[in-house]
Every structure is written in structure tokens, then in C-alpha cells.
Asker: 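Provided herewith is a single structure, encoded as C-alpha cells, for subsequent inquiry.
First the proteins, then the strands, lettered A, B, ... as listed; each starts at 1.
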Number of protein chains: 2
Amino acid sequence: MLEFLRHIETIYPISSKSEEALVAISKEHEYKKGTNVQDIGHTCKTIYFVKSGVVRVYYYKDAIDITESFEFENAFVARAESLFTGKPSQKAIEAIEDTTMIAIDSYRLFNLFDNHPDLERLFRKIIESSYVSTVQRIESLQFNTAEERYKSLLKASPNVLKRIPLKYIASYLGITQVSLSRIRGAK
Amino acid sequence: MLEFLRHIETIYPISSKSEEALVAISKEHEYKKGTNVQDIGHTCKTIYFVKSGVVRVYYYKDAIDITESFEFENAFVARAESLFTGKPSQKAIEAIEDTTMIAIDSYRLFNLFDNHPDLERLFRKIIESSYVSTVQRIESLQFNTAEERYKSLLKASPNVLKRIPLKYIASYLGITQVSLSRIRGAK
DNA sequence: GTAACTATTTATCATATGATAAATTCAATC
DNA sequence: GATTGAATTTATCATATGATAAATAGTTAC
């Protein structure tokens, strides 16, 4: 749990009482490569923190597997559209490597907010930065070519390329696996 | 200000003291059709609430005007990437119709959060739902065709079509104006 | 109400990406 | 370490969308 608390401190430092309360509703879990952390159709009641490994969020469009996002060490993952609305999610979370995650019970977390305003602030800030990166992603999908998107991903997160199968990267970029391969080949 | 407070109540009801504090840092402004509410290069220190009218957020890519989003009555607008990072924004906000907005001073708002946790919760919820819609927009840009995107926009917000010039809708959908015209014509 | 300007449509041609299939490389399992 | 299956690349053809230009429709300002 120490890494978890250390990472949180870089976002927004919270009191030791709040730390204790947060730890009390959090549990560490391990997932083998290739297994689902959460399944499609399940209502999201957990916010995860990736301690080690990588996960992806994916869904199906016309029976085709589409990767919505990746999350590496020291990042939070949840299926916001289900977490914040209470509806079943159309997405799944899968471990791409053997992954250790810290699972935070969202129901109990939201209840903590009443007596721990610093926790609410922490999670507000987490959502804020997720929001900012999501908006940037829209810009990239709106008018950049597939090649531009690939190159800026490569520049921004070279580790993605090293640790993630290309087929997942392709759908993340909004193109087919074959197209991505062609773009890489073109040099 | 009444509509403003009434709308807020539908998101998360706040105490009357918090209402007062919020009103104290908010001001009503009017913008003529076609004028910029905020310019490119300006650091965003204001959160706007659209009372009447429509605005769009836009930026330039290779000297081409791209509309990132529209906001109608009873919606909040801000340039998050600047507001939350303190950096100058690469985007502008423009009134598409004569528009009345309520401008909330973000610096003073964030300071209020310490003594008004209900205000912080309100704005956390506002960001949460913005985040959810942004993620849905990514899905639509990731693997839907231009025609699918146009049709679902038409279905989801028929008023967009009525009140927004097509050239703005085109770039919002990630296509050129000419392509959008073709898609509409194809019928 | 006309002139000037802007928005939208239509047409033509070019190109990036999709779809499909096959070949190759890589990885996992016994 | 050979076999099997999965991931990636390569090739071919089809198509949606881009780029450009010109025509038409609609709006604004005097």
C-alpha cells in the first residue's frame, strides 16, 4: 500500500486519518495476464490503482474488440460511465501483463467524502486530470491522420509500444491492425 | 441568477450560504453573435454557465478552424486544459448566437471549496458528467464512420442541427464541410 | 432591394484506410 | 525443441473521405 499512498501524495496530500480510512476500504488483488479484472455487463463499483503491470479497457463494436484505453503503473482505472451513473458497463477491464492492483470500494469511498473533504478533493483532482487527457485524445482523433496519431503516441509513451500488442494499439488509435502495420512499415 | 441556481439544484443541492457565496463570485455577461468570449492564448480563469444562446470552443490546426464542442442553455463551459493546469489555452470560446453567460471566477471558486465542501461536491459532479460525455465522444470518433457520427448527433441533439452552422458541425464530427454536405445529400 | 459576402452544395480527382486473404514471424505448450 | 496457435506483416482491391474548384443558395449591410 505504500507506493499507493506515496503516489497519492504527489497528486494531493491527505491527512493520516484520511489515509487510514482509504486503506481500510482498499484491497490488493492480482490478475494473471490475459484475464478479465471486470467483465462486460457488470456495474462498476470499484476504482482501481495499478501497482504493477498494465491493463486495458475494451468493448465490442460489431463483434470487434476495441481498446479504449491502457493504464500502466501508478494510474487509476475505472469505467466512469458505469461508476458515475450506476448502470452496467458495456466495457471490460483486462490485465495485459500479470498485474497487481489496489481495488477501492467506490460506494464506501463516496461515503467517506462527507467526513474527509481532503479525500473528495484528491479524487476531484484525479478526475480533472483524466478529463484533460480525454479532451486531448479527442483532438487527436478529430483531425490527425492515423500516422500522426501513431507517431505522437510513440513519442508521448514509448513504453506503450514496448509492452502492448499492436492489435490493441491499433484499435486504440482508431484504425485496423493491418493499417497500423502498414504505417509502421512505410517508415 | 435564478435559473442558474435552479439548474445547479438539479445536479447537487447546496446550502443557501453556499449559494450566496457562489453568487458573490459570479457575474452575468452578454456576448454578441460571432464575438469571442475568450481568446486563444488567454489563460482560463473563468467557468461559464450558458444562460441563453450557444457557444462553441474552437482551435486552429494548420490554420484550419476546428470546433471542439458546443454548449447550449444550462450547460457549463470552460477550457479545462488551461483551467486545471494554469497554462495559456490554445482554444477560444465564441458566441454562435447572442448569448448570456454567467461567469464564475475560478480562483475564488476553488478557494471557496475549503469552507464549502458542498460546492466542491457540486463541481466534482459537474466534472464527472463532463468526463463521461467526453469518453462517449471518443468512442464515437474511434470507430464510427462520419455518417454514423452525423446520424447519432442528429438523433441525440436535433437542436444542434437547427442552431449551428454546418461548417462548425463538420469539424466537430471530425470531417470537412464538403464531406458533411455530401453525407447529408446522399440521403 | 441590391450588392457584397458567406454558407452550402455539387462535381472531379487523389489518397488514406478498410476488407480480405495469404505469408511470415513470434510465442506458448507439451 | 517440435508443434500449434497467435500476432504481425505484406499484398490486392474497394471505398470513404480529403482537396480543390465552381455553382448555388442564403445572409447582411448599406
Side-chain angles (χ1 to χ4, degrees), chain A residues 31-36 53-54 56 58 60-67 70 94-99 138-154 158 160-187, chain B residues 31-36 53-54 56 58 60-67 70 94-98 138-154 160-187:
Chain A
Y31 299 91
K32 281 279 161 208
K33 175 177 179 169
T35 60
N36 268 3
V54 204
R56 70 181 184 115
Y58 70 97
Y60 289 99
K61 194 212 166 192
D62 305 336
I64 292 172
D65 174 322
I66 298 180
T67 295
F70 309 110
E94 179 191 294
I96 292 185
E97 300 174 354
D98 289 354
T99 298
I138 286 188
E139 286 166 36
S140 132
L141 285 167
Q142 222 179 349
F143 269 105
N144 288 359
T145 62
E147 189 177 350
E148 287 170 325
R149 277 175 268 150
Y150 172 71
K151 287 193 173 156
S152 52
L153 177 67
L154 204 128
V160 169
L161 269 289
K162 287 176 198 141
R163 294 168 64 183
I164 312 269
L166 285 177
K167 58 176 178 171
Y168 297 151
I169 296 176
S171 66
Y172 174 80
L173 292 173
I175 52 177
T176 62
Q177 186 180 355
V178 174
S179 273
L180 178 56
S181 188
R182 176 164 38 197
I183 286 167
R184 283 157 55 85
K187 180 56 205 11
Chain B
Y31 299 92
K32 281 280 161 206
K33 174 174 179 171
T35 59
N36 267 2
V54 204
R56 70 181 184 114
Y58 69 97
Y60 290 99
K61 194 214 166 190
D62 304 336
I64 292 171
D65 173 323
I66 298 181
T67 294
F70 309 110
E94 179 192 296
I96 292 184
E97 302 174 352
D98 289 353
I138 287 188
E139 287 167 35
S140 132
L141 286 167
Q142 222 178 349
F143 269 104
N144 289 357
T145 64
E147 190 178 350
E148 286 171 324
R149 277 175 268 149
Y150 172 71
K151 286 194 173 156
S152 52
L153 176 67
L154 204 128
V160 169
L161 269 289
K162 287 175 198 141
R163 294 169 63 183
I164 311 266
L166 285 178
K167 58 175 179 173
Y168 296 153
I169 297 177
S171 66
Y172 173 81
L173 292 173
I175 54 178
T176 61
Q177 185 181 355
V178 174
S179 274
L180 178 56
S181 189
R182 176 163 40 197
I183 286 167
R184 283 157 55 84
K187 182 57 205 1

Asker: Could you check which of D:dG18, C:dA19, C:dA28 has an atom nearest any side-chain atom of B:Thr176?
Answerer: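 Minimum distance to the B:Thr176 side chain belongs to D:dG18.
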Asker: Tell me: CD of A:Gln142 to P of D:dT17, nearest whole Å?
Answerer: 15 Å
Asker: D:dT17, C:dT6, C:dT17: which one has an atom nearest the side-chain heavy atoms of B:Ala146?
Answerer: D:dT17
Asker: If each of B:Ser179 and B:Tyr168 is mapped to the nucleotide of DNA chain C with the nearest heavy atom, which maps nearer the 5' terminus, i.e. the 5' end?
Answerer: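 Residue closer to the 5' terminus by nearest nucleotide: B:Tyr168.
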Asker: With DNA chain D as reference, determine whether B:Glu147 or A:Ile164 sits nearer its 5' end, using the nearest nucleotide of each.
Answerer: A:Ile164
Asker: Can you measure A:Lys61 atom NZ to C:dG18 atom P for me and round it to whole angstrom units?
Answerer: 12 Å
Asker: Measure from CD on B:Glu97 to P on D:dT27 and round the result to the nearest Å.
Answerer: 14 Å
Asker: Using the side-chain heavy atoms of A:Arg182, tell me which of these nucleotides is nearest: D:dT12, D:dA7, D:dT9.
Answerer: D:dT12
Asker: Would you mind reading off the distance between B:Gln177 atom CD and D:dA21 atom P, rounded to a whole angstrom?
Answerer: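 Rounded to the whole Å, the gap is 16 Å.
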Asker: For B:Gly34, report the nucleic acid contact type (base, sugar-phosphate, nothing); a contact means any heavy atom under 4.0 Å.
Answerer: nothing
Asker: In terms of heavy-atom contacts, does NZ of B:Lys33 have more than 12 from other residues, nucleotides or ligands at under 6.0 Å?
Answerer: no
Asker: With respect to the side chain of B:Ile175, which nucleotide from C:dT9, D:dT8, D:dG18 is positioned closest?
Answerer: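 The listed nucleotide nearest to B:Ile175's side chain is D:dG18.
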Asker: May I ask you to verify if any side-chain N or O of B:Arg184 is less than 4.0 angstrom from the OP1 or OP2 atom of C:dT9?
Answerer: yes
Asker: Between B:Asp62 (CG) and D:dG18 (P), how many Å, whole number?
Answerer: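 Result: 14 Å.
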Asker: Nearest whole angstrom, please: distance from the C1' of D:dA19 to the CG of B:Leu180.
Answerer: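 Result: 16 Å.
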Asker: For a quick check under 3.5 Å, do A:Asn36 and A:Tyr58 share a side-chain donor-acceptor pair by atom type?
Answerer: yes
Asker: Would a line drawn from the ring center of B:Tyr172 to the ring center of B:Phe70 be shorter than 6.0 Å?
Answerer: yes
Asker: Salt bridge between B:Arg56 and B:Glu97, side-chain N to carboxylate O under 4.0 Å?
Answerer: no
Asker: Take atom CG of A:Leu173 and atom C1' of C:dG18, then tell me their distance rounded to the nearest Å.
Answerer: 15 Å
Asker: Would you indicate which nucleotide in C:dT8, D:dT17, D:dT28 comes nearest to any side-chain atom of B:Lys33?
Answerer: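 Nearest to the side-chain atoms of B:Lys33, counting from C-beta on, is D:dT28.
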Asker: Given D:dT8, C:dA7, D:dT10, identify the nucleotide with an atom nearest to the side chain of A:Val178.
Answerer: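 When the side chain of A:Val178 is considered, D:dT10 is the closest of D:dT8, C:dA7, D:dT10.
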Asker: How close or far is atom P of D:dT17 from atom CZ of A:Phe143, stated in whole angstroms?
Answerer: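 For the pair A:Phe143 CZ and D:dT17 P, the rounded distance is 12 Å.
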Asker: If the threshold is 4.0 Å, N to carboxylate O, is there a salt bridge linking A:Glu148 and B:Lys61?
Answerer: yes
